[in-house]
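Small disclaimer: the values here were computed from a predicted structure and weren't measured. Computation of the quantities below employed the complete heavy-atom set of this structure, encompassing side-chain atoms and omitting hydrogens, waters and symmetry-equivalent molecules.
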Amino acid sequence: VAISIHDCEDIMGKIRADLISKGKFLQDKGTVYDILSELKDNNLLDEVSGTIKFVHQSYGSYFAACYLKRLNQEDLLHKIRDELFEYTRWDETISLLVGIVDDDTSDKIINLLIDLDPFFAAQCFSMAKNISSETEDKLIKTLSDKAKDDIYLGSSAIYSLGITKLDKAIEPLLTLL
């Protein structure tokens, strides 16, 4: 994952401002440039020709999720559906995104993912802070139907129901077992 230095500085600045506002980061600890320098010095990212490359994909995925979070909800859902979803390299970013956006947006992302890939939706579900009961029910029903309709998908659906950790998924799970 690579982003421009400008975008990285912008994202880091917003994160730093958020931490300062929550009293978790002292203002005299340095500038965004100092933070980026420290990350480079500790081999967590590399700067090449004006582009930041993250040594570990999780760092890049997190900052990409922070960047996507800035989009309005409609544009974000459109981007996930039409641009990001088809590439598995965005899976971690989408999963992290579900955990950092507001509850309504998180719910809408999970709903979209249920329609696109309910197994991936179940993976992302665990990252969400608060999902509506309707969305939980839709996920459980979709996974249960997948397990009943296709013997090859059955074990994946059972696993996916289990990772939701929802009490209301227990009955459908027991029925499928």
Side-chain angles (χ1 to χ4, degrees), residues 1-22 24-25 29-132 135-136 139 143 156 159-160 162-166:
V1 176
I3 61 173
S4 73
I5 291 174
H6 174 72
D7 285 343
C8 187
E9 288 174 342
D10 188 38
I11 292 166
M12 294 288 290
K14 288 180 192 306
I15 292 169
R16 187 169 182 275
D18 185 49
L19 290 172
I20 290 168
S21 71
K22 293 176 181 172
K24 295 182 179 181
F25 201 88
K29 290 284 185 180
T31 65
V32 171
Y33 179 78
D34 294 333
I35 295 168
L36 289 173
S37 293
E38 186 172 334
L39 292 172
K40 285 190 281 188
D41 292 346
N42 288 298
N43 297 320
L44 296 175
L45 58 84
D46 190 23
E47 180 184 348
V48 178
S49 303
T51 301
I52 297 289
K53 291 190 178 225
F54 294 91
V55 175
H56 193 282
Q57 182 177 342
S58 292
Y59 294 112
S61 294
Y62 173 74
F63 289 116
C66 289
Y67 178 80
L68 292 170
K69 178 183 176 185
R70 299 178 351 194
L71 298 175
N72 70 51
Q73 190 180 79
E74 184 180 328
D75 290 344
L76 176 60
L77 294 171
H78 173 78
K79 188 170 223 29
I80 290 170
R81 182 185 60 248
D82 296 339
E83 297 177 36
L84 306 180
F85 180 74
E86 66 184 87
Y87 301 104
T88 57
R89 69 176 185 230
W90 287 99
D91 286 1
E92 185 176 20
T93 300
I94 295 169
S95 183
L96 291 168
L97 180 65
V98 168
I100 64 172
V101 293
D102 63 83
D103 291 345
D104 182 57
T105 302
S106 180
D107 197 76
K108 286 193 167 93
I109 292 170
I110 295 295
N111 258 297
L112 172 65
L113 294 176
I114 292 169
D115 295 336
L116 297 171
D117 181 351
F119 308 110
F120 181 54
Q123 290 175 346
C124 293
F125 181 87
S126 66
M127 297 296 287
K129 292 174 244 152
N130 190 16
I131 296 295
S132 71
T135 299
E136 291 175 353
L139 179 59
L143 290 170
S156 294
Y159 172 78
S160 296
I163 64 172
T164 66
K165 299 180 182 175
L166 290 169

Q) To the nearest 0.5 Å, how far apart are CD in E136 and CG in L166? A) 4.5 Å
Q | Minimum-distance pair of heavy atoms, taken over all atoms of L77 and L112 | A | O-CD2, 3.6 Å
Q.
Which heavy atom of A121 sits nearest to which heavy atom of I110, and what is that distance?
A. O-CD1, 3.8 Å
Q: Would you name the heavy atoms of T164 and F125 that are closest together and state the gap between them?
A: O-CE2, 3.5 Å
(Q) Within a 6.0 Å radius of atom CZ on F119, are there more than 12 heavy atoms belonging to other residues, nucleotides or ligands? (A) yes
Q | Distance, nearest 0.5 Å, that separates OG1 of T105 from CD of Q73 | A | 4.0 Å
Q. If you look only at pairs with a residue in residues 116-128, which of them pass as a side-chain hydrogen bond (donor to acceptor under 3.5 Å, both in side chains), with sequence neighbours excluded?
A. none
Q. Do you know which of L76, I80, D82 makes side-chain contact (heavy atoms from CB on, under 4.5 Å) with H78?
A. D82
Q: Starting at CD of E83, measure out to CG of L68 and round the result to the nearest 0.5 Å.
A: 9.5 Å
Q: Over all heavy atoms of both residues, which pair between C66 and I100 is shortest? Give the atoms and the distance, please.
A: N-CD1, 3.8 Å
(Q) Checking the side chain of S106 only, and the main-chain atoms of V98 only, is there a donor and an acceptor separated by less than 3.5 Å? (A) yes
Q. Going from CG on L97 to CH2 on W90, what distance comes out if it is rounded to the nearest 0.5 angstrom?
A. 10.5 Å
**Q.** Nearest heavy-atom neighbours spanning A122 and L143
**A.** CB-CD1, 4.1 Å
Q. Taking the side chain from D107 and the backbone from S132, do they hold a donor-acceptor pair closer than 3.5 Å?
A. yes
Q. Do you know the tightest heavy-atom contact between L116 and R81?
A. CD1-CA, 4.3 Å
Q | Pair K79 + D75: basic N to acidic O under 4.0 Å | A | no
Q.
Measuring from atom CD1 of I114 to atom OG1 of T135, what distance do you get when rounded to the nearest 0.5 angstrom?
A. 6.0 Å
Q) To the nearest 0.5 Å, how far apart are CD1 in I131 and CG in D103? A) 7.5 Å
Q.
Could you work out, with salt bridge (Lys or Arg N to Asp or Glu O under 4.0 Å) as the rule, every residue matching D102, not counting sequence neighbours?
A. none
